[in-house]
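For reference, the structure is listed below as structure tokens.
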2 protein chains.
Amino acid sequence: MESETRREIIEATNRALCEHGYASLTMKRIAAEASMTTAAIHYHFDTKEELLNAFLDELIERFEQELACNASDPRERLNAYLDAVFTPPDPASDGFSVAIMELKAQAPYHDLFRERFLDLDELMREVVADIIEDGIQAGHFEETDPDEVARLVTTVSNGAHARTVALGEQADETHQVLEHTLELHLGWKPGSEVIA
Amino acid sequence: MESETRREIIEATNRALCEHGYASLTMKRIAAEASMTTAAIHYHFDTKEELLNAFLDELIERFEQELACNASDPRERLNAYLDAVFTPPDPASDGFSVAIMELKAQAPYHDLFRERFLDLDELMREVVADIIEDGIQAGHFEETDPDEVARLVTTVSNGAHARTVALGEQADETHQVLEHTLELHLGWKPGSEVIA
DNA sequence: TGGTATTAACTAACCAGTCAGTCAAAATTC
DNA sequence: GAATTTTGACTGACTGGTTAGTTAATACCA
């Protein structure tokens, strides 16, 4: 079972990571953020690495949940996906993007991190490709290579993410440009209303 | 003047950063990489931060040089730009992308870093927008919003960069997808030959 | 009372940065 | 032009502070 304290420690890790970055992410800071001592953290997580792995699990799980959409219409699903990716996260889960970026930058040196990001990436590309494939089959989208367009969408969202974090830029304009581009690829304006 | 030793230290910083990441970038490691003591580095750079600023200067300067292209034909210039961005850097300047990514991830906590990346980004967007504007004026490209397309190009290259570093992915496919997309936007296939 | 959770106090390694002193080459003086 | 002083570049040893992780004692709760 996942104890309440473990969850609190993981959330404290998130706060500490967002406030000071991975390079300054110390057990002491996490402990302070969780209002306990470092020894208490070591009681729940043997090593810092174990804690970080658990934290990344949580982060990716939350990310996947945010992408979930049970609409049936491909156009609605694509809209929901784009909104989920480009809409700034609610204040409750603040620093979410920053935390992901910090961990991404560690991927070259941390095999486990990289593998998880690879899995997440594959999943995201598949989700988008499936949506597009369905849309083509249903006659809503023009004939194109779903994998190619999916790669474009994920790469643009990766880029928007990096820009948001590193430059402090809003992703609105990028969202619009991507919608315009998808219009060219799919022959349908993602931003437009879908008549039920 | 820029002494030979300063340059060697900066290059050692690059190697140390690429090998172990920003979080493990210590003066000792840089010193070992430069085959000298930490005190020698402190003789040339008062603080670690001063060294890191000098290193980022170097990094951005090199990046800008790589983008330089003196062709006159807009299509050639766009081709050269895309090649420069997507072609994997020569083995000599290895780890270049990784170093940039590491420093980008520090931008949220390091105002100077962020400002420099903002300047670099603005420059890159302007370069692309200028190329497209020229191309439209010369009748080679269809009428579109140059800033919008420039934003798309830079965001895709940002995304491709992040993916290369974090996922270890080759940027080839992304390059192709972007070319295809630019074909839709500009009505001209960037990869195709230009008849002189 | 017995297991769970937490703490204070600790260790050994590591961090950026300092300091006194070395050494060769250049500048200055006679 | 030879002797002296100064300078630039550097080293090894050190400092105070921080790191992840350990341990033994203790609080809490069923």
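First the proteins, then the strands, lettered A, B, ... as listed; each starts at 1. These numbers come from the heavy atoms of this one structure, side chains and all, not from hydrogens, waters or symmetry mates.
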Atom pair distance, as rounded to whole Å: [atom1] in [X] and [atom2] in [N]:
{"X": "A:K28", "N": "C:dA9", "atom1": "NZ", "atom2": "C1'", "value": "14 Å"}
{"X": "B:I30", "N": "C:dC14", "atom1": "CD1", "atom2": "C1'", "value": "15 Å"}
{"X": "A:F45", "N": "D:dT22", "atom1": "CZ", "atom2": "P", "value": "15 Å"}
{"X": "B:M27", "N": "D:dT11", "atom1": "CE", "atom2": "P", "value": "13 Å"}

Are the charged groups of [X] and [Y] less than 4.0 angstrom apart, N to O?
{"X": "A:R125", "Y": "A:D121", "answer": "yes"}
{"X": "A:R114", "Y": "A:D111", "answer": "yes"}
{"X": "B:R151", "Y": "A:E169", "answer": "yes"}
{"X": "A:R7", "Y": "A:E58", "answer": "yes"}

[options]: which one has an atom nearest the side-chain heavy atoms of [X]?
{"X": "B:K48", "options": "D:dG8, C:dG17, D:dT23", "answer": "C:dG17"}
{"X": "B:H42", "options": "C:dT6, D:dG21, C:dT18", "answer": "C:dT18"}
{"X": "B:T26", "options": "C:dA16, D:dA20, D:dT11", "answer": "C:dA16"}
{"X": "B:H44", "options": "D:dT19, D:dC10, D:dG12", "answer": "D:dC10"}
{"X": "A:M36", "options": "C:dA16, C:dT7, D:dA9", "answer": "C:dT7"}
{"X": "B:A39", "options": "C:dT7, D:dG21, D:dT11", "answer": "D:dT11"}

For D:dC10 and B:T5 - does any side-chain N or O of the residue sit under 4.0 Å from the phosphate oxygens OP1/OP2?
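Answer yes for this pair, as a side-chain N or O of B:T5 is under 4.0 Å from OP1 or OP2.
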When you check the phosphate oxygens OP1 and OP2 of C:dT6, does a side-chain N or O of A:Y43 lie under 4.0 Å from one of them?
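A:Y43 to C:dT6 OP1/OP2: no side-chain N or O under 4.0 Å.
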So which one's nearest nucleotide on DNA chain D is more toward 5', A:E49 or B:I41?
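It is B:I41 whose nearest nucleotide is closer to the 5' end.
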Would you indicate what A:L25 reaches in the nucleic acid, counting non-hydrogen atoms under 4.0 angstrom: base, sugar-phosphate, or nothing?
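Sugar-phosphate contact only.
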Can a donor-acceptor pair be found, under 3.5 Å and without considering hydrogens, that links the side chain of B:T144 to the backbone of B:P146?
no
